[in-house]
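Working notes, structure below.
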Amino acid sequence: MIEVRPFSSLGGANHGWLDAKHHFSFADYRDPQRVHWGALRVWNDDTIAPHTGFAPHPHNDMEIITYVRRGAITHRDSLGNAGRTEAGDVQVMSAGTGIVHSEKNEEDVDTTLFQIWIIPDRQGDKPGWGARPFPRGDRAGQFVTLASGIAGDGDALPIRANARVIGATLKAGETATHTIGRDRKAYLVATEGRIEVNGVAADPRDGVAIADLDTIEVRAIDDAEIVLVDVA
């Protein structure tokens with residue numbers, strides 16, 4: 001099963017400093033057909049104006065992955081962590097028993113990012129944060145694991161869920177495959193470029209919900225950058 005959710009159908013709101021689109025029910029957007037996809041609970045497509053951002057606020061018992069598409073985001077939290085994550089790079093916050101953080105665009109240009117929330121396998125762990133660069137060139141023509149809670153996924157950023165976040169950059173005409181398994185689900189978004197997933201067409205920033213398939217093949221119609229979440 002492959003269901004394309006056009007970008008134009010997403011919920012969201014423009015707050016001036018923040019233009020947010022929600023793939024799943026979030027804040028004031030409610031759609032009983034789009035609450036979660038397996039353990040994937042939130043996929044927000046955010047544009048944050050220069051020198052603005054999210055003031056300190058709390059989270060608990062959620063794995064929060066931030067994939068920066070353009071610009072950069074600066075993180076600070078109640079554990080004393082601080083860091084600036086640039087375009088193409090990823091940060092992970094395991095909220096655990098509770099953490100307070102801020103996310104600010106301290107740049108002179110808009111920052112665009114995906115914020116992805118995955119329900120953890122267990123609750124009550126200590127909170128944590130980490131970030132690392134993932135050069136787009138290392139993902140050329142193939143999927144690379146960016147964050148994972150699955151054993152054997154190498155130097156991916158750790159999360160506390162039976163899930164992985166992967167990314168690929170494809171030139172027009174190139175293909176990449178990913179094995180999911182019929183007992184799992186996947187959700188895929190191209191940050192740019194038109195794609196086909198097993199022959200089903202999707203435009204940039206459309207959501208592609210996938211279930212009951214062993215393997216998918218993604219073909220780039222245009223040069224494309226792709227983020228995929230694979231969850232139980």
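Note that this is a predicted model, so its numbers are computed, not measured.
Aromatic pair Y187/F24: centroids less than 6.0 angstrom apart. A centroid separation of less than 6.0 Å is found between the aromatic rings of F114 and W43. Aromatic rings from F54 and W17 are positioned such that their centres are separated by under 6.0 Å.
Residues passing the side chain to side chain donor-acceptor pair (under 3.5 Å) test with R84, sequence neighbours excluded: E86, E107.
Residue N44 is tested with K21, H22, Q115 for a side-chain hydrogen bond (donor to acceptor under 3.5 Å, both in side chains); the sole match is H22.
Judged by distance alone, the side chain of R182 and the main-chain N or O of D212 form a donor-acceptor pair under 3.5 Å. Side-chain N or O atoms of D203 include none that pairs as donor or acceptor with a backbone N or O of R194 at under 3.5 Å.
Using bins of under 30°, 30° to 60° and over 60° for the plane-to-plane angle, the ring pair H59/H101 lands in the tilted bin. Classification of the F26-W117 ring pair by plane angle, with boundaries at 30° and 60°, yields perpendicular.
Within a 6.0 Å radius of CG in D28, no more than 12 heavy atoms belonging to other residues, nucleotides or ligands are found.
A donor-acceptor contact closer than 3.5 angstrom is absent between the side chains of D19 and T47. For the residue pair E174 and Q142, no side-chain donor N or O sits within less than 3.5 Å of a side-chain acceptor on the partner. With 3.5 Å as the limit, one finds no donor-acceptor pair spanning the side chains of R70 and T191. Judged by distance alone, the side chains of S94 and E63 do bring a donor and an acceptor atom under 3.5 Å apart.
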One pair to check against salt bridge (charged side-chain N to carboxylate O under 4.0 Å, His left out): D45 and R69. What are the steps and the verdict? CA-CA 10 Å; D45 183 330; R69 292 154 46 206; 2.8 Å; yes
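To the nearest 0.5 Å, atom CD of residue E103 and atom CG of residue D77 are 8.5 Å apart.
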